[in-house]
Amino acid sequence: MHFESELLPNVWHISLPRFQDKRGILVKTFSQSVYQKHGININWREEFYSFSNKDVVRGMHFQTPPADHFKLIYCASGSVIDVLLDLRKGPGYGKVAHVKLESDKPSVIVMPPGIAHGFRSLVDHSLMVYKTSTEYSMDQDAGIHWDSFSFDWGLDHPITSDRDAGHISFLDFVSPF
Ligand SMILES: Cc1cn([C@H]2C[C@H](O)[C@@H](COP(=O)(O)OP(=O)(O)O[C@H]3O[C@H](C)C(=O)[C@H](O)[C@H]3O)O2)c(=O)[nH]c1=O
């Protein structure tokens, strides 16, 4: 595992080893000792996954305190443009980072509380896997409208949930982080 870079302060992009042979492929996504060496020592409490078809946009999601959490994500199949919006008060507030996640070149993103996360699927059946450091809390499940901050998703009419279409604009957001 190679800790590539900090996409935003304390947001890690980690490239993963990918072992291929005539049977197929094996990818290791998490190793406690390797992560601990880089100061990432999280008690992951939940894991879940989603499939998304081409031009689906999910996000921008985050959990507010006291359910705010660290989040680990990776694309196990397909490819997405992953987008991160910094909601933490301070000089980095509003900064955006994005990176292509694809199963052919596997990598993981680990983000701390205060980062809104979303992605655009580039193909059908993109499989996104998540770990979080808190258990899901519907009352603290919040979002910012995907098209309300400075990022070009490359399309005007993505497939979104009604809920995501109704999130507040980033301009109206007041950060609790
Ligand atoms: C995450 C979660 C969701 N749900 C329910 C809530 C909704 O009724 C339904 C779908 O949830 P949502 O529309 O929030 O799913 P996504 O839009 O795929 O959200 C996910 O993708 C974006 C990009 C993220 O970063 C979020 O962390 C992640 O939750 O599952 C639960 O009951 N438990 C859970 O832990």
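Heads up: numbering here begins at 1 and tracks the sequence. Every heavy atom of this structure was used, including side-chain atoms; hydrogens, water molecules and symmetry mates were not. Both counts, for ligands and for their atoms, begin at 1 and track the order of listing.
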Of the non-hydrogen atoms in A165 and H145, which two are nearest, and what is the gap between them? O-CD2, 3.3 Å
Please tell me whether F30 and Y35 form a close aromatic pair, meaning their ring centres lie under 6.0 Å apart. yes
If you take the nearest heavy atom of each of M60, H61, R58, which one is closest to atom 19 (O) of ligand 1? H61
Please confirm whether E46 approaches ligand 1 to less than 4.0 Å, judged on its heavy atoms. yes
So which protein heavy atom does atom 25 (O) of ligand 1 come closest to, and at what separation? H117 ND1, 2.7 Å
Residue, atom name and distance, where the atom is the protein heavy atom closest to atom 13 (O) of ligand 1: R163 NH1, 4.1 Å
Run through D68, D139, T134, D141 and flag the one making a side chain to side chain donor-acceptor pair (under 3.5 Å) with Q63. D141
Geometric class of the F3/W12 ring pair [parallel <30°, tilted 30-60°, perpendicular >60°]: perpendicular
Would you name the heavy atoms of S121 and V80 that are closest together and state the gap between them? CA-CG1, 3.9 Å
Mutual orientation of the aromatic rings belonging to F170 and F173 [parallel < 30°, tilted 30-60°, perpendicular > 60°]: parallel
Please list the nearest protein heavy atom to atom 27 (O) of ligand 1 with its residue and the distance rounded to 0.1 Å. K71 NZ, 2.9 Å
Does N53 use its side chain to pair, donor to acceptor, with the backbone of H125 at less than 3.5 Å? yes
Within the structure, does S161 bring an N/O atom to less than 3.5 angstrom of an N/O atom in ligand 1? no
From atom 7 (C) of ligand 1, is the closest protein heavy-atom distance below 4.0 Å? no
For atom 34 (C) of ligand 1, is the nearest protein heavy atom under 4.0 Å away? yes
For atom 29 (O) of ligand 1, which candidate among F48, Y130, F62, Y136 provides the closest heavy atom? F48
Strictly inside 4.0 angstrom of atom 22 (C) of ligand 1, do you find any protein heavy atom? yes
